[in-house]
Asker: 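Once you've had a glance at the structure underneath, I'll fire off some questions.
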Amino acid sequence: MKNILFITLFILLAACGDDTGVTAYKNSSGSSGSDDIPSLQYSVIRYFPHDTTSYTEGLLFHKGSLFESTGSPDDQPALKSVVGMVDLTNGKISTTVELPKRHFGEGIVFLNNKLYQLTYKNQTGFVYDAESYKLVDSFSFPSAEGWGLTTDGTHLMMSDGTNAITYINPTDYSVVRVLQVSDNKGIVNRLNELEFVKGFLYANVGYTETIVKIDTASGRVTGRLDLSSLRHEATVRYPHVLDMNGIAYDSTAGTFYVTGKLWPNIYEISFPH
């Protein structure tokens, strides 16, 4: 009954907001179950429009602007794999990169004045100049699939849908390290979109509304963020939404922006990190 009342209250609060603000609330749970991994309590600061044709695969801030990478599933031929800056007034992407249909765009990251982009099943990454967005290089990676991408400031950090995070040298693309992620119950699979913040790695767990916080020294999960209420609220607004995928850290405000595939909104949230 408490869960039903909580969701109802959230919908009423969100309905009172506009496209740039929503009454903040906190996740009421204090733990995530029998494995004793703590749930991270969060507040919604505000929300912004998001293009419901954006099949989100990557989200990040670069020089104060929000960038998004999208995929192009075969069963939705109108969708495109693009990268670009998001206009937070309307949710549209100002395209700077568009992949041919044979490539499915995945995670992105900026490092050393370059933009790196993964593809899904081609075992190929692309490298662009961060100012002109001209293609300057490409590389191969050993994983069967490419999912999420971030950086610790030195290496590219890549997920591939398993519990492995692969550290890649951004110059010669050699594998430097493979971090195996687990919690108290064992390995944590389907790690997807990534964000590195203050020594910890935050990862969307594929096909869920969960984000895990990972200690990059040990690979252990130290916290979980359950954002299923946001998925519910997004579904009320647009019934064709798919799973959550997208987490970006705004280092200036100290907040996170999250969204999902075909979601109608991007949510700015705050939680201890």
Side-chain angles (χ1 to χ4, degrees), residues 27-42 55-60 69 71 104 106-109 118-121 123 125 141-152 155-168 175-232 241-249 256-261 263 267 269 271-273:
N27 185 353
S28 60
S29 62
S31 66
S32 60
S34 59
D35 60 355
D36 295 324
I37 302 296
S39 274
L40 303 174
Q41 296 193 5
Y42 69 97
Y55 197 89
T56 308
E57 296 295 348
L59 201 68
L60 59 79
S69 170
F104 185 108
E106 287 282 350
I108 55 171
V109 72
L118 296 179
T119 61
Y120 182 25
K121 292 186 176 181
Q123 293 182 293
F141 50 82
S143 302
E145 297 179 353
W147 286 39
L149 195 62
T150 190
T151 181
D152 60 2
H155 309 100
L156 305 176
M157 302 168 69
M158 169 189 153
S159 66
D160 59 12
T162 68
N163 76 316
I165 301 296
T166 302
Y167 288 63
I168 298 173
V175 173
V176 177
R177 177 192 182 198
V178 178
L179 178 70
Q180 304 289 340
V181 177
S182 62
D183 60 15
N184 293 347
K185 291 183 177 181
I187 64 174
V188 179
N189 274 316
R190 302 194 309 275
L191 298 178
N192 199 354
E193 227 274 288
L194 306 173
E195 187 78 347
F196 182 84
V197 181
K198 298 179 180 179
F200 288 91
L201 184 64
Y202 294 86
N204 283 117
V205 179
Y207 315 118
T208 76
E209 281 62 62
T210 298
I211 292 172
V212 291
K213 180 180 181 180
I214 303 162
D215 181 344
T216 55
S218 65
R220 298 289 289 179
V221 171
T222 63
R224 284 200 184 93
L225 200 60
D226 177 7
L227 299 177
S228 54
S229 292
L230 297 187
R231 164 71 181 264
H232 179 86
V241 304
L242 298 175
D243 50 299
M244 170 171 283
N245 196 33
I247 176 169
Y249 180 63
F256 292 79
Y257 285 54
V258 296
T259 191
K261 299 170 183 175
W263 281 31
Y267 296 87
I269 64 173
F271 59 88
H273 59 277

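Note that these values count all heavy atoms, side chains included, but never hydrogens, waters or copies made by symmetry.
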Asker: Within the 4.5 Å heavy-atom criterion, are L59 and E193 side-chain neighbours or not?
Answerer: yes

Asker: Measure from the side-chain N and O atoms of T56 to the backbone N and O of G260, and report whether any donor-acceptor pair falls under 3.5 Å.
Answerer: yes

Asker: Can R224 and D183 be counted as an ion pair, charged N to O under 4.0 angstrom?
Answerer: yes

Asker: Could you check whether any side-chain heavy atom of L191 comes within less than 4.5 Å of a side-chain heavy atom of T162, counting everything from C-beta outward?
Answerer: no

Asker: Would you say W263's side chain and L242's backbone share a donor-acceptor pair under 3.5 angstrom?
Answerer: yes

Asker: Got R231 and M244 here, is their nearest side-chain heavy-atom distance under 4.5 Å?
Answerer: no

Asker: Can a cation-pi geometry be assigned to K213 and Y202, taking NZ or CZ under 6.0 Å from the six-membered ring centre and within 45° of the ring axis?
Answerer: no

Asker: Can you tell me how far the CG atom of L201 sits from the CG atom of L179, to the nearest 0.5 Å?
Answerer: 7.5 Å

Asker: With side chains defined as the heavy atoms from C-beta onward, is the minimum distance between I269 and V258 less than 4.5 Å?
Answerer: yes

Asker: Judged by atom type as modelled, is there a donor-acceptor pair below 3.5 Å linking the side chain of D226 to the main-chain atoms of T210?
Answerer: no

Asker: At what distance, to the nearest 0.5 angstrom, does OH of Y167 lie from OG1 of T216?
Answerer: 4.5 Å

Asker: Is there a side-chain contact between M157 and F196 (heavy atoms, below 4.5 Å)?
Answerer: yes

Asker: Can you find a heavy atom in the side chain of H273 that is under 4.5 Å from one in the side chain of F200?
Answerer: no

Asker: Under 6.0 Å between the ring centres of F256 and Y42?
Answerer: no

Asker: Hydrogens and angles aside, do R190 and N163 bring a side-chain donor and acceptor to less than 3.5 Å of each other?
Answerer: no

Asker: What distance do L40 atom CG and L227 atom CG have between them, rounded to the nearest 0.5 Å?
Answerer: 9.5 Å

Asker: Is there a side-chain contact (heavy atoms from CB on, under 4.5 Å) between L225 and F271? Walk through the geometry before answering.
Answerer: CA-CA 9 Å; L225 200 60; F271 59 88; 3.6 Å; yes

Asker: On a heavy-atom basis, which atom in D152 and which in H155 lie closest, and how many Å separate them?
Answerer: OD1-N, 2.7 Å

Asker: Look up atom CD1 in I165 and atom CH2 in W147, then write down how far apart they are to the nearest 0.5 Å.
Answerer: 11.5 Å

Asker: If we only count heavy atoms from C-beta on, is the I37 to T222 side-chain gap below 4.5 Å?
Answerer: no

Asker: For the NE2 atom of H232 and the CD atom of E209, what is their distance to the nearest 0.5 Å?
Answerer: 12.0 Å

Asker: Start with the C-alpha distance between L149 and L156, add both sets of side-chain angles, then the distance that settles side-chain contact (heavy atoms from CB on, under 4.5 Å), and finish with yes or no.
Answerer: CA-CA 7 Å; L149 195 62; L156 305 176; 4.2 Å; yes

Asker: Tell me if a side-chain donor or acceptor on S218 pairs with a main-chain N or O of R220 at a distance below 3.5 Å.
Answerer: yes

Asker: I want to check something: taking the side chain as every heavy atom from C-beta on, are N204 and I247 in contact at a cut-off of under 4.5 Å?
Answerer: yes

Asker: Distance from E106 atom CD to T119 atom OG1, nearest 0.5 Å?
Answerer: 8.0 Å

Asker: Return yes if some donor-acceptor pair links the side-chain N/O of E57 with the main-chain N/O of S69 below 3.5 Å, else return no.
Answerer: no

Asker: Does the pair T208 and D243 meet the rule for a side-chain contact (heavy atoms from CB on, under 4.5 Å), with working shown?
Answerer: CA-CA 6 Å; T208 76; D243 50 299; over 6 Å; no

Asker: Using modelled atom types only, decide if a donor and an acceptor are shared between the side chain of Q123 and the backbone of S143 within a distance under 3.5 Å.
Answerer: yes

Asker: Look only at the side chain of S159 and the backbone of G148, and say whether a donor-acceptor pair between them is shorter than 3.5 Å.
Answerer: yes

Asker: Take V181 and I214 through the side-chain contact (heavy atoms from CB on, under 4.5 Å) test and state the conclusion after the steps.
Answerer: CA-CA 7 Å; V181 177; I214 303 162; 3.9 Å; yes

